[in-house]
Amino acid sequence: MKRNIVIAVVTAAALVGGGTATALAVSGDDDDASTPVTRTDDDRDDRDDRSDDGGDDDDRAAAPGDVTAADAVAAALKHTPGTAVSAELDDADWEVDVLGKGDTWHSVRVDPDTGKVLGSSEDDEDDAAEVRAALKGTSVTAEDAAKAAAAKGTVVSVGLDDDGDDRGWEAETRASGGDERDWNVALTTASVTADRDDD
């Protein structure tokens, strides 16, 4: 009888406490002294009970490490010579797209805390001629554009917009409060203007 009471008490405690409990009662019969052994599982899976912090993957881009977009571009070009066409803080790493010789594209990953190149891979893109045409006669590089846009906030991406008549660099910045802004950086003067579509 004692064994049933002990098991009932342990089960009730587990239900009230929200945990998982296991009770073992060792006894010969009801007249012998029972020795209950209780184990509470403190390592239970709380994944379903965790509250969502309201963030998403983009929150990582709001707080880059010490390596700026310009630093990431410089590190990528040192590792993989060519023309940097974009840099973006993605999945907690900088991803820099570099157009190499001919039509060869490279995606170079750079650590945002150390500036170390984490790896690179070749990409298959067929717009190399368009990019080269858009950059012909220009003096402002992706690194220059990132430095110019940094006056407006923390740059989390910079990339070439080679469509239409408004060719230039596009940059996204984030303020310390998390506000995002888009900017246009001129290909010849590095002047920074607010993106008209960012309203």
Side-chain angles (χ1 to χ4, degrees), residues 45-47 50 52-136 138-163 167-187 190 192 195 198:
D45 187 359
D46 292 332
R47 283 179 287 180
R50 291 183 190 145
D52 186 77
D53 62 2
D56 55 26
D57 288 344
D58 290 338
D59 288 342
R60 284 179 280 188
D66 294 331
V67 177
T68 65
D71 296 336
V73 169
L77 291 176
K78 185 175 180 182
H79 180 271
T80 306
T83 303
V85 178
S86 69
E88 180 179 6
L89 191 61
D90 186 35
D91 293 333
D93 294 332
W94 283 107
E95 286 191 16
V96 182
D97 289 332
V98 177
L99 176 58
K101 292 182 178 181
D103 295 341
T104 306
W105 286 90
H106 301 274
S107 179
V108 183
R109 289 185 306 109
V110 179
D111 187 295
D113 295 315
T114 65
K116 179 181 177 182
V117 172
L118 301 173
S120 67
S121 61
E122 278 194 29
D123 287 341
D124 294 325
E125 298 286 341
D126 58 1
D127 58 352
E130 296 167 18
V131 169
R132 289 191 196 286
L135 291 174
K136 187 174 183 179
T138 64
S139 56
V140 178
T141 65
E143 183 177 356
D144 297 332
K147 287 178 180 176
K152 304 296 185 179
T154 302
V155 178
V156 294
S157 73
V158 63
L160 179 65
D161 179 8
D162 61 352
D163 293 331
R167 293 178 180 174
W169 294 104
E170 293 181 337
E172 180 183 348
T173 61
R174 295 218 176 128
S176 57
D179 293 334
E180 299 178 6
R181 292 292 309 266
D182 292 325
W183 306 93
N184 295 319
V185 182
L187 288 171
V192 181
D195 189 335
D198 189 32

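Here the straight-line distance linking atom CZ of Arg132 with atom CG of Asp127 works out to 10.5 Å at 0.5 Å rounding. The distance from atom OG of Ser157 to atom CD of Glu170, rounded to the nearest 0.5 Å, is 8.5 Å. Taking CG of Asp123 as the reference point, atom NE2 of His106 lies at 9.0 Å (rounded to 0.5 Å). Annotation: the span from Asp179 atom CG to Thr173 atom OG1 amounts to 9.5 Å, rounded to 0.5 Å. A distance of 9.5 Å separates CG of Asp113 from CG of Asp93, quoted to the nearest 0.5 Å. For the atom pair CZ of Arg109 and CG of Asp111, the computed distance is 9.5 Å after rounding to the nearest 0.5 Å.
Between the Arg181 side chain and the Ala171 main chain, no donor and acceptor come within less than 3.5 Å of each other. In this structure, Trp94 contributes its side chain and Ala76 its backbone to no donor-acceptor pair below 3.5 Å. Listed for the Trp169 side chain is a donor-acceptor partner under 3.5 Å among the backbone atoms of Val140.
A pairwise comparison of heavy atoms in Ala75 and Val110 identifies CB-CG1, 4.3 Å as the closest pair. Minimum interatomic distance between His79 and Ser120 (heavy atoms only, all atoms of both residues): CE1-OG, 3.5 Å. Annotation for Leu160 and Leu187: closest pair CD1-CD2, 4.0 Å, computed over non-hydrogen atoms. Here the closest non-hydrogen pair linking Ala128 and Asp103 is CB-OD1, 3.4 Å. The two residues Ala70 and Ala146 have their closest heavy-atom pair at N-CB, 3.7 Å. Listed here is the closest heavy atom pair of Ala149 and Val192: N-CG2, 4.1 Å.
Annotation: side chain of Val96 is not in contact with side chain of Ser107 (no heavy-atom distance under 4.5 Å).
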Could you go through Trp183 and Asp195, starting from their C-alpha distance and side-chain angles, then the distance that decides it, and tell me whether this counts as side-chain contact (heavy atoms from CB on, under 4.5 Å)?
CA-CA 5 Å; Trp183 306 93; Asp195 189 335; 5.9 Å; no

Could you go step by step and tell me if Val98 and Leu77 meet the side-chain contact (heavy atoms from CB on, under 4.5 Å) rule?
CA-CA 7 Å; Val98 177; Leu77 291 176; 3.9 Å; yes

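For residues 146-163, the salt bridge (charged side-chain N to carboxylate O under 4.0 Å, His left out) pairs, not counting sequence neighbours, are Glu143-Lys147.
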